[in-house]
Each structure stands twice: as C-alpha cells, then as structure tokens.
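Input: a single structure, listed below in structure tokens.
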Protein chains: 2
Amino acid sequence: MDYKFITKTGLFKGVTEEETKAMLKCLGAEEKKFPKDYTIYHMGQTIRRMGLLLKGGINIVRTDVWGNANILGHILPGEVFAETYACNPNEPMISDVITTSESAVLFLDVGKVLQTCVSSCSHHERLIRNLLTVLSLKNLNLSQKINHITPKTIRERLLSYLSWEAVKQGKQHIDIPFSRQQLADYLSVDRSALSSELSKMQREGLLSYKKNHFILREIKVDGEYLKLKE
Amino acid sequence: MDYKFITKTGLFKGVTEEETKAMLKCLGAEEKKFPKDYTIYHMGQTIRRMGLLLKGGINIVRTDVWGNANILGHILPGEVFAETYACNPNEPMISDVITTSESAVLFLDVGKVLQTCVSSCSHHERLIRNLLTVLSLKNLNLSQKINHITPKTIRERLLSYLSWEAVKQGKQHIDIPFSRQQLADYLSVDRSALSSELSKMQREGLLSYKKNHFILREIKVDGEYLKLKE
DNA sequence: GAAAAAATGTTGTCATTACAACAAAGCGGA
DNA sequence: TCCGCTTTGTTGTAATGACAACATTTTTTC
C-alpha cells in the first residue's frame, strides 16, 4: 500500500507514515480496484465505510427517474467520498458514486473510530479533526457548485465554473475532469446548448478549447470580469 | 442562559446540563441579541466563532455585485451557522449571515477546542463528534438545495422544495420561513414569475396557499408525483 | 383609521434555453 | 485503413422564464 501518498492526503495530514500504518489497521482499511464507469455506491444504500480515492476519478451523480443525471461533484485522487454517510450511518445515500476512469479506493470504517472510546488509539483524535476539516471543505465545494448553477444563462455558468477551476489550478490553461455531457450535467444545462454556447464564446474570443483543455481570455472573480493577456 | 434548550440542540446532544455549563465556559460562550434584518457576518470576513441560534431566524445569503441575492439556506433555532469557517479559520466567508427576525445567538469559539490538547476538558470529545454530525447534516442540506434548483422549470423547483418541507415537517400543511422574494432567491428564479406560477398551480388545484402557509395536494417524492387526499 | 410603504400578484414582450434531429469529428477494434 | 460507435457540434422551433411596468393587497406608521 502506498503509505507515502496516503500520508499526504487531507485526511491523514500531520500524521507520520508509521502512525498511518497503525491507524489504517484501526480503520479496517481495505483497498479495492474498480474499472471505468463502475458504480461503487448506489443511491438509496446505507453504507458504513467512506472511501479515500487513491487513483483514478469519481463522479458523485444523482439520477432521477427519467434518467436525467445531475453531477454533484468530482473526486480527485487524495480526496474522500461518502464521508457524510459514514458520519450519519442511518442516512440513505442520495446519489450514486461512479468511477470515471480505472480507480483504486481505500475504504475506511470511520464509524469504528467515532463510536469507540477515545483512548483506544491515540491518533484517532487527529483523524477526527482532519475529518472535520475535510467535511467543511466539502461544504465549501457544494456552495461553489451552487454558485455555478445559480446564474440563469449558460454563459455565466460556464464562466463561473471555468474561472473557479482556473483560480484553483492557478493557471489560465486548465484541464477539466468532465466530458461535455458531464459538464452539462454538472451545470444543469442541455448538452447541445452548452456546445453551442461554447463555440459562440470561442468565436467571440472569450476562450478557446479543445476537448477537456480550456484557455481562458476572460475570468470572473467575485462577479467582476477581468480580461487576461495571452 | 437557557441551558435546557442548549442541551437539546444537535451540537450538545448527549451532554448533561451540568456538563454543558462547563463546556460553555471552555468555549468562551457569549450570548448576543440582534434586531430583524441585521447582518451578523459579512461576506469576505474571516471569523473565529461559530453561532448557535437560540431564538429567531437567520438566512445565509450571497449577494453579487449587481445586488442579486442568492439564499443558500435558512437557520432555525437550535441550529448552528458559520461552523464551516470556524473549522477553517483561514477561509473568508462567501456569504452574509442575516437575521430574518429578532434573534438571539450564542457565539462559540470552537477553534479553542479544536486546537488545544484533548485532555483539557473531558467533554470536548463529545462536542467534536457532535460537530461532525452537524457538519454532515449541513452537507445534506446543501445537496437538497442543489436538488431544488436543478430542475429547469419554476414549477418543478417549487414542488421539489415544498415537498421536501412537507416531508421534513411531516404534514401537508406547512409554513415556510421565506417571503416570496426570499423563496425566489432560494430557488434562483424571478419573484414575479414565481408568484405567477404559484397562482397558476393554485388554479389547477395542485396546492393552495396564503402568505407563508401552504397546503399541498400533490407531492414529489423521489421523482414521483403522488396525489394527496385532503 | 388614513396615508405611506412594503409585499404580492398580474400581464405582455423579448431573450434564452430545452429539445429534437442531424452533421461532423474522434476513437477503438478488426 | 475501414467500419461502427461514441462524442461533440450545428441548426431550427417551441416552450419557458426574465424583465419591466403596473395593479392589488397587506402591513406599518403616525
């Protein structure tokens, strides 16, 4: 198991490699591999273990009875998923968890840590605090998604999302983790309308793109539109 | 201070009244009162203390540079706010926190509890675990809001929101904590279009309403529309 | 209780998107 | 390289909501 990588994730921040090994035992850690487009958790399920993504990519997807997908977020390696349900074992999942590429996941039984007494393992403390931080960052992420889908026009939603990615990645050349259909599902717009708006924006010189790679010429920060050189 | 009430909140669940008193001291608890429409926290601020609402009501509001408001959620007595920022003291707030009626708030310095060593106060443990649960419920709430604003039509958004309130309140007669304008800001639609859709739905017999009181005749659960007797 | 202010409802027009149907480009396997 | 399949882009049409302007109702204030 790649302890070096695990120690660098938000969940195990500030924990030494040695300690991590011990903790993983407490957590009943189990690594599993999944192929692309595999549904790890299904909507409606109640689950016990959360996941730490080691390799690959995951979408959190809510699909309604008519088959309309709504992507709540994307999980990158080093991030966790289903932590909300691991903390609330009674809540049924309101979304599916689906791999977007071949993936490796480390499953962790945090319930054990939360329910048993403090002293059983001296590092539980640290883990719980890290979990708090992780959860609150997830909150901010969800708020961001809300910001992206609050504008009424497709163009504004795109600029909101792409600008945010650009700021997050610290570049104006960005790769996004979504296909066109997935981006449409994330922004809650029609795919073909999205395509059409994108090419209109490209014609107007606001951005250029090829597949999942985008280059922004204008960015939206705090509601202001800033023009960028290059 | 109303310890009896405080002990019944999610944050202090499972803590005796005696213990609560001790903990509040550790947390540097301070009660404050605010008038209606008062902005307790401003967007951009970095804050140290989270709030526990004792009395009144609060909206979490994000306003853009053009004055368009986006209501992220409503806080009822017994619920907490700004907990995300209290757990991440570096993150600036992305929203305002505004009272919707005369309110009383208990401010808690959770940073103290999170940063200092475990043993300083034996009940910190319990508090942190409760905080985990509270945070994950907040996550579910945000996901709910996303569900409400994902549909493209005003009618579907309304049914999604109202049905959810009905299920939460366990009745088909419900009171909502929003004015029309606030409801529009929560659902990200135009107020007048909302009004017009509401009255159309009333004409069609889907629901009836007066001010903030609604009676549903049809409810949306898991994407299915169920007709209700009255 | 009258006047003013705020909240809610109504209506028509215009902009924008969803939707459908199709075209073109990209990709994988034989 | 050719074929089939998937993804992305294009276009036209119908539906829907935003917006503005105004009417009506409700609440507040004096």
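Sequence lines set the chain letters: A, B, ... in the order given, protein chains first and strands last, and positions in each chain run from 1.
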For [X], what residues pass the side-chain hydrogen bond (donor to acceptor under 3.5 Å, both in side chains) criterion, not counting sequence neighbours?
| X | answer |
| --- | --- |
| A/R180 | none |
| A/N68 | A/D64 |
| B/Q144 | none |

Self-check item: Five-pair end axes of the helix from C/dG1-D/dC30 to C/dA30-D/dT1 and the angle they enclose, rounded to 10°
Solution: 50°
Self-check item: Set of residues satisfying ring pair (Phe, Tyr, Trp, His ring centres under 6.0 Å) with respect to B/Y209, sequence neighbours excluded
Solution: B/F214
Exercise. Would you mind listing every ring-ring contact (aromatic ring centres under 6.0 Å, His included) that reaches into residues 134-171 of chain B, with sequence neighbours excluded?
Key: B/H148-B/Y161, B/H148-B/W164, B/Y161-B/Y186
Quiz prompt | Qualifying ring-ring contact (aromatic ring centres under 6.0 Å, His included) pairs with a residue from residues 45-79 of chain B, counting only residues at least two apart or across chains | solution = B/H74-B/F178
Self-check item: Contact letters for nucleotides 5-19 of chain D, in which S counts primed atoms plus P, OP1 and OP2 and B counts the base, heavy atoms under 4.0 Å
Solution: ---BBBB-----SSB
Quiz item: Using a heavy-atom cut-off of 4.0 Å to chain B, what are the terminal contacting nucleotides of DNA chain C, in 5' to 3' order?
Solution: C/dT8 to C/dT11
Got a list of side-chain donor-acceptor pairs under 3.5 Å for residues 48-55 of chain B, not counting sequence neighbours?
unit_1, atom_1, unit_2, atom_2, d
B/R48, NE, B/D109, OD2, 3.1
B/R48, NH2, B/D109, OD2, 3.4
B/R49, NH1, B/E30, OE1, 2.8
B/R49, NH2, B/E30, OE1, 3.2

Quiz item: Ion pair present between A/K36 and A/E102, side-chain N to carboxylate O less than 4.0 angstrom?
Solution: no
Practice problem: Please list, chain by chain and in numerical order, all residues satisfying salt bridge (Lys or Arg N to Asp or Glu O under 4.0 Å) with B/E91, sequence neighbours excluded. | Solution: none
Quiz item: Can you list the residues that meet the side-chain contact (heavy atoms from CB on, under 4.5 Å) rule with A/E156, with sequence neighbours excluded?
Solution: A/P151, A/K152, A/T153, A/K220, A/Y225
